[in-house]
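Take a look at the structure set out below.
Sequence lines set the chain letters: A, B, ... in the order given, protein chains first and strands last, and positions in each chain run from 1.
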Protein chains: 4
Amino acid sequence: MKNYEKRYEILRGMLEEEGINVDEVEKKLKNFRIETPSWGYGDSGTRFAVFKQKGSARNIKEKLQDAAIVHKLTGICPTVALHIPWDMYDDWDELLKYAESLGVKPGAINPNLFQDDDYKLGSLTHPDKRVREKAIKHILDCIEIAKKLGSRDISLWLADGTNHPGQDDFRFRKHRLEESLKEVYSHLEPDMRLLIEYKFFEPAFYHTDIPDWGTAIILSKKLGDKAYVLVDLGHHPLGTNIEQIVAILLDEGKLGGFHFNNKKYADDDLTTGSINPYELFLIFNELVSAEQDGLKMDIAYMIDESHNLKNKIEEMIQSVENIFRTYAKALIVNRKALRRYQEEQDIVMAENTLVKAFETDVMPLIYKVREEIGVPLDPLKAFRESGYMEKVIKERG
Amino acid sequence: MKNYEKRYEILRGMLEEEGINVDEVEKKLKNFRIETPSWGYGDSGTRFAVFKQKGSARNIKEKLQDAAIVHKLTGICPTVALHIPWDMYDDWDELLKYAESLGVKPGAINPNLFQDDDYKLGSLTHPDKRVREKAIKHILDCIEIAKKLGSRDISLWLADGTNHPGQDDFRFRKHRLEESLKEVYSHLEPDMRLLIEYKFFEPAFYHTDIPDWGTAIILSKKLGDKAYVLVDLGHHPLGTNIEQIVAILLDEGKLGGFHFNNKKYADDDLTTGSINPYELFLIFNELVSAEQDGLKMDIAYMIDESHNLKNKIEEMIQSVENIFRTYAKALIVNRKALRRYQEEQDIVMAENTLVKAFETDVMPLIYKVREEIGVPLDPLKAFRESGYMEKVIKERG
Amino acid sequence: MKNYEKRYEILRGMLEEEGINVDEVEKKLKNFRIETPSWGYGDSGTRFAVFKQKGSARNIKEKLQDAAIVHKLTGICPTVALHIPWDMYDDWDELLKYAESLGVKPGAINPNLFQDDDYKLGSLTHPDKRVREKAIKHILDCIEIAKKLGSRDISLWLADGTNHPGQDDFRFRKHRLEESLKEVYSHLEPDMRLLIEYKFFEPAFYHTDIPDWGTAIILSKKLGDKAYVLVDLGHHPLGTNIEQIVAILLDEGKLGGFHFNNKKYADDDLTTGSINPYELFLIFNELVSAEQDGLKMDIAYMIDESHNLKNKIEEMIQSVENIFRTYAKALIVNRKALRRYQEEQDIVMAENTLVKAFETDVMPLIYKVREEIGVPLDPLKAFRESGYMEKVIKERG
Amino acid sequence: MKNYEKRYEILRGMLEEEGINVDEVEKKLKNFRIETPSWGYGDSGTRFAVFKQKGSARNIKEKLQDAAIVHKLTGICPTVALHIPWDMYDDWDELLKYAESLGVKPGAINPNLFQDDDYKLGSLTHPDKRVREKAIKHILDCIEIAKKLGSRDISLWLADGTNHPGQDDFRFRKHRLEESLKEVYSHLEPDMRLLIEYKFFEPAFYHTDIPDWGTAIILSKKLGDKAYVLVDLGHHPLGTNIEQIVAILLDEGKLGGFHFNNKKYADDDLTTGSINPYELFLIFNELVSAEQDGLKMDIAYMIDESHNLKNKIEEMIQSVENIFRTYAKALIVNRKALRRYQEEQDIVMAENTLVKAFETDVMPLIYKVREEIGVPLDPLKAFRESGYMEKVIKERG
């Protein structure tokens, strides 16, 4: 890291030779924002065990503190996604002020429709109208909270599904889902958005009511312009070409946001970019490409991870680091060359154009940006040296 | 089989006790139709080898002969899907008469957009306009053939896709695809249908332009009322809940037909129902359920298999047998009980209601139907005893 | 069910015509035993929620009660697998007597090496020797319990693995595992067995220390004649041919037992036979075939399910029912015909020989056996009518 | 590339600061060898189409020419794997001299046991002894060819398997396989090796006789010290942790070699490192780690790709490039730090140690090595500028 300036000059020279506007790249990097999830700072686990970590956040205020240190050290994580009722609080005004005092503010509101015993057989799709109404009511409460907190997005993940063939009727559940969502949608403020998440399986193991992006986009199209699809990177069958789904959703004007993480097998919620960093690059490649082609881009970049082995704050910093570095790589793709090679059907050089950007060590660019926005060059090291963890362990007992 | 009457009486009694209208079931069975594919009667193989079989059909007339014997022995396979240009013929009128003389007629027309060297990088999505126009022209030719042969459905499977990240632009290919399909669609006769097939992967190994039902339904909705989705049972990621996709497509009014086969790993094109017969049953369960709920059902049931180990005609008979038996099982599901259990949230009994139908030995019903429509009780045995294979081996050399 | 005798006579006649010794089949059915798991009777769930059921067992005595009713109604489930420390008890002699008073007895002992905070990074493979010794000590304790309870099998599932590339060294962990197992093995009594389970993934999401049968058999061969492989049907990658693994393990003399359940996606722990009943049949087909070929068969048939939607006892009865029916189907495969067709390379008839047995309605045979061993013909119905659930809900509060 | 010296100096300085012996790394890179496959230079395709490329090699001599240009431009590909009978030649002495005149020599010999009609139901496992003997004879012929050509390794991939449940008996096939391999093994010269490849599926779609590394290692252990396992990167279920398999095989002393390629879905045979380059890095990380720990390393690094979209020679150069770059990254992992972090259970820093090496731009190191061994810095560019392709298109017509 020391003397990165020399590396920066060389890199800048190489990029400019390729016609990349490095100032523009740095500007984009400075404007990039990643939202971290409140639930990523508390204890979590698998169905087999939840391992307690010393000093992990126990309530929304502590979660905001942890998110704030991540933002302070990275400079690009000013918002925090909330999960209701996990993050329920008596006085939202006070909480908002508390967040602001820490330098962060609430982001997307995530209704929880899977923990109450009533939701055992579903929430918005439940066979019993009473339960559906309860679930709708909960989302409407979340919309109210969003209004109070100035949050724009309602992030909707449904655990709804069945475990056993015959347990319920697919079409009837679909009708109930559409009806419930319509009711919810009608309560959105004009500038609010409903982000509809899909998931291949888990916790339902025979069918999931919104199993894929196809179902989610059909729902969002039926609802209207305020409904979008939310892509969680861990919610696809193995092998799925996620970057293509991203491109399709962008082209259909229905990509609302991401839940970033990485998977090796199922919804493993591992560190973003830690299993296949090239896939993450190819996803960002689509995003940058679409933006440069002038598509409307209004995308919420959110991390959805909740680790139980690594220190939670360190893990979040690492994920932010991986996403930021990958975005930088996508920004330096020589798009003119790429398009030309594609038009010339020169597959090898088209592919190499992507590989070249991916293989570039973009850290000097990132150091430069960090220096200019006044955050540590190495946020993880800075975190370890800050004494923050020792402090909260003491405070939180 | 002998003395099946006794078993029939017992079965009928048991079904009637449950309130199943057995006459209605038998009527449905008599009206059921499965289309067999011309390409299932010729030699085929894997990328590693094509094993020649003695007596396998070498041209469209021989394929029609083989399809005709399958129909003669099963009574429910009167149409044959054609593949153009594999089944190209000089004089379609003559061919039509020839087919009729054998007791069969042409079914869906399948354009081939993957073998010509021009299609190496795609057909309807190809970067080069000339190739796209060639591909469109080929489909329009197929529409003309369909008109001449009285075929209603154009069955469109595209091999289009890429093998390498960066090879081409997802969104540009999507635009080309939509434009090409619009052109094709505009040439359909009022009563014709375009069935759009999707496939997860192969022969393209990085991305496929229509990888899933979501893409196919979006395309078909943009095109209009004559465009439908075609479900090939082998074209999904492992684990996919296909019966749910069927239910969604039915509910959206966009299920156009099936390509039946079975997979264990990828698009293995194995005997329908031979790897997971219960999955096939659950698919038919959705079909029968939708029909009983009054949904519009206009579905082409087509086999898409092309075996290289089993005798091709026997394989086709076996597949027809499996499909027919499975349909019969779906017809005897006690739907009133199923719905009641679902409403009562009695999961165990709801599931058992399906299991009970699946576990029922419905062969007596099928024997009865076969007897009444005048086909052999055991079509496979009848085929072996017919001397057909020996005859064609001699004739075809 | 009523008048099943008529169906029985017909079935018996059909089977005898094929040369099946029906008396022998019934004898085998009467001797078949399935072990149910204590943990299948208590509350459980996913990482998202555990739904409490009224009346579910809260301790080992209540679990034994529930297992006893399953045995009473099915007649083939006299043993109960225990999980330590979940089923820890002060006075094992007393517990043994209590079990006997209920008509059941303890089966395999399952050490728990995944819940203690110490096991966060592994148990037998943990980088810290202290933790490995603690884990070994726990298994030795389990061996002592097994001795006291007269249990023969120690069923070892390890959750050991890592979540992050680089977290630990594969080879070092392998060495630690081998060393730890050697220590454990040396404490087995002469007639005891160590059953080594493997699992593709979960709860570890980057690597699992025993990910496949290959690893498990290598370990068991290094240990010796008392070590065997345990096959859990849900622990394989999608598509895996489990029946082949069973055949290989049988041939290598290393198949120790099963954990029965069914999966659609991952380790879903669904009702055995509920997703692909034909796969279960093909597995039993290998078992029956091996036995008839004279291979040494000493296999523990154990259910490993823990449902949170269905009533737990009903679910267990349903699973036992599915396994029993499937075993009956495998017993009536015409093996002489199958072998002949295989030798003649008559693939269609070889396959049909299996399909025929699978499609046979064997319930009359099962009713006969149940009648003769004095259990209800329909155990599920009998359970519902028994008032047992109402009773325990009252008792257990 | 120009002025890479400045980048080299910076990189060298950074690596030395971490204690990496850069001279040693460069020495290792200079000694690294990759074998290219003769079949990668001829036309190939999928089951749907084989697209002819202008100038692609039509026979073994032309294939050697193409392999020679790859070696000339990369400096690390001196051997060429042969496929018999595809590469059959009348006069092996002459061919050997021809190869030497081009600067290359034959590598592993690959028997072909899947194309002859006789092998429809298997080769070494075929139910018919005559076919098994023919297959054994073919391998023995290959051993003779290997002797004449000075090849050490027989690379054995079997397409053997079945498509239909019941088609054949798993255990009988296993016995035949063991017997056949024993016969083959007994004819190996003292210094020869038999590399046994496994594959999850394809071209067999119900079961494959050697489906996984577990089966392959059991076979190789039964055979003896000259039998090893060959890992083809495309032959695993999705999600499989291949680097762990590599570590296990290394630890068991049974890793014989690799067939390099990359997959997204099935055995896609895509450019090595083109879908998940990090996975390739993690594999090389195991190899370098094992070597540094003093394990015996005698591993054949072979490419197994056969592309039909890209130019074949360019594709091979690209694959060699990817492998070489990845090996370089594995060589610069700070292993002392990695081990320390692992011992300290510092997961974040252990992972980051790998990530750091992976993210390093190692091209300056590679340019340095290339300069010193006298090959072009950019082999692909050099190939395009060489006029080679234009020449062979003219020559080969």
* Structure fact -> If one checks every heavy atom of A:Ala266 against chain C at 4.5 Å, the contacting part turns out to be both
* **Pairs of heavy atoms under 4.5 Å with chain A: top-ranked of C:Lys52, C:Gln115, C:Glu202** => C:Glu202
* With a 3.5 Å cut-off and no angle check, do the side chains of A:Trp39 and A:Asp304 form a donor-acceptor pair? -> yes
* To do: Under 4.5 Å heavy-atom distance to chain A, tell me which part of C:Gln53 shows up: side chain, backbone, both or neither.
  => side chain
* To do: Tell me, out of C:Phe114, C:Tyr206, C:Phe205, who's got the most heavy-atom pairs with chain A below 4.5 Å.
  => C:Phe205
* Flag, side chain of C:Arg58 to backbone of C:Arg396, donor-acceptor distance under 3.5 Å -> yes
* Does any heavy atom of chain A fall under 4.5 Å from the side chain of C:Pro165, the backbone, both, or neither of them? -> side chain
* In terms of heavy-atom pairs under 4.5 Å with chain C, which of A:Leu309, A:Thr162, A:Thr46, A:Thr271 leads? -> A:Leu309
* Check whether any side-chain heavy atom of C:Val231 lies under 4.5 Å from a side-chain heavy atom of C:Tyr198, and answer yes or no. => yes
* Structural part of C:Leu238 lying under 4.5 Å from a heavy atom of chain A -> neither
* Determine whether the side chains of C:Ser319 and C:Asn322 contain a donor N or O and an acceptor N or O closer than 3.5 Å. => no
* To do: Using non-hydrogen atoms and a 4.5 Å limit, figure out which bit of A:Asp269 sits close to chain C: side chain, backbone, both or neither.
  => side chain
* To do: Would you mind checking if A:Asp267 and A:Lys199 are paired as a salt bridge, meaning a charged N to carboxylate O distance below 4.0 Å?
  => yes
* Between C:Asn112 and C:Pro85, is there a donor-acceptor pair closer than 3.5 Å when you use the side chain of the first and the backbone of the second? -> no
